[in-house]
Amino acid sequence: MGSPLIVTIDGPAGVGKSTMAKRLARLLSIPYLDTGAMFRSVAWKLGKGAWNWSEEDLEKALDGLAYSLSGVGEDSVLSLNGKPIGNEIRTEEVGMWASNIATLPVVRNFLKKAQQALGERFSLVAEGRDMGTVVFPGAPHKFFLDASVEERAQRRFLQLERMGKPADLDELREQIAKRDAQDRNRPVAPLKPADDAIVIDTTELDRDQVLAALKEAVA
Ligand code: DC
């Protein structure tokens, strides 16, 4: 068996990274890793305000968290302490908590190690904010997806509606813009394309067109 294949997909909130990562992973018959779900689940588990804790308390709490991955493509299941991570983390509020704790080096280092450990065991389509720049800098295929805030708010609105979590579009647009600013401007592992990433503006593209572009590049 050769070494695992890692494909990275980075980009801002609501750009459709998860959908594309699942579909590309299905085509490649490998798992996809939703690293946003890792940050969200830490935020959810530690609770509101954890970003104000001391580094020592954070370290203690993180010490009790272990991630595992099973399945392939859209059937990939990411578990925390043996329990699949569910839809309770899929709100904009928890997204903002995740963005807050994601500014903390102690949290980022902990999750970086967990992500790299999974990447040593499995081939992955890994999606997040710093997959191509920090976590898997040597990955042979790197993508950065982008789209206007308006388009991303629309996509998130429809996604939440499908989950039975209706949201207010104006509020979503504002929350996404705020989260973007925090993710792009933090000093540690800010959201940005890797120098060797293929950047795709998906504003005017449908999902099949984006997938075709990814597929062509990986082939
Ligand atoms: O992709 P998402 O919306 O589920 O991510 C939630 C937050 O987690 C995001 O606003 C910033 C943080 N995050 C990160 O800093 N690095 C990653 N690789 C993934 C997510």
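Note that these values count all heavy atoms, side chains included, but never hydrogens, waters or copies made by symmetry. First listed ligand is number 1; within each ligand, the first listed atom is number 1. Throughout, numbering of the chain's residues begins at 1 and tracks the sequence.
Every atom of ligand 1 with a heavy atom of R156 under 4.0 Å away is listed here by number and element: 3 (O). Ligand-side atoms of ligand 1 in range of R40: 2 (P), 3 (O), 4 (O), 6 (C), range being under 4.0 angstrom from any heavy atom. Proximity to G128 (heavy-atom distance under 4.0 Å) selects the following atoms of ligand 1: 18 (N), 19 (C). For ligand 1 and A98, the ligand atoms under 4.0 Å from any heavy atom of the residue are 6 (C), 7 (C), 8 (O). In summary, the atoms of ligand 1 found under 4.0 Å from a heavy atom of M131, numbered by their order in the structure, are 18 (N).
Using a cut-off of 4.0 Å between Lys/Arg side-chain N and Asp/Glu carboxylate O, R129 and D10 are scored as not salt-bridged. Between K192 and D130, none of the side-chain N atoms (NZ, or NE/NH1/NH2) sits under 4.0 Å from a carboxylate O, so this pair counts as no salt bridge. Under a 4.0 Å N-O distance rule, the pair D208/R23 qualifies as a salt bridge.
Two residues are said to be in side-chain contact when any heavy atoms from C-beta on lie closer than 4.5 Å; S18 and E127 meet this criterion. No side-chain heavy atom of I85 sits less than 4.5 Å from a side-chain heavy atom of W44.
Inspection of the Q182 and S99 side chains reveals an N or O donor paired with an N or O acceptor under 3.5 Å.
When only non-hydrogen protein atoms are considered, atom 8 (O) of ligand 1 lies nearest to F39 CB, 3.5 Å. Given atom 6 (C) of ligand 1, the protein heavy atom at minimum distance is R179 NH1, 3.3 Å. Here the heavy atom of the protein found nearest to atom 12 (C) of ligand 1 is A102 CB, 3.7 Å. Of the protein's heavy atoms, R108 NH2, 3.0 Å lies nearest to atom 16 (N) of ligand 1. Summary of contacts: the protein heavy atom closest to atom 19 (C) of ligand 1 is T35 OG1, 3.5 Å.
Note: no N/O pair closer than 3.5 Å links E127 and ligand 1 by distance alone. Among the atoms of R90, none of the N or O lies under 3.5 angstrom from an N or O of ligand 1. Residue Q115 places no N or O, backbone or side chain, under 3.5 Å from any N or O of ligand 1.
Using a 4.0 Å cut-off between heavy atoms, R186 contacts ligand 1 through its side chain alone, with no backbone atom that close. The proximity of E92 to ligand 1, defined as any non-hydrogen pair under 4.0 Å, does not occur for either the backbone or the side chain. Counting heavy atoms under 4.0 Å from ligand 1, residue R129 touches it through both backbone and side chain.
When the shell of 6.0 Å around NZ of K165 is examined, it contains more than 12 heavy atoms from other residues, nucleotides or ligands.
By the salt bridge (Lys or Arg N to Asp or Glu O under 4.0 Å) test, R26 pairs with E74, D75, sequence neighbours left out. Partners of K48 under the side chain to side chain contact (heavy atoms under 4.5 Å, CB included) rule, at least two apart in sequence or in another chain, are W51, E93, W97.
The shortest separation from a heavy atom of Q182 to ligand 1 is not under 4.0 Å, leaving the residue out of contact.
Comparing V135, V188, D183 against atom 10 (O) of ligand 1, the shortest heavy-atom distance belongs to D183.
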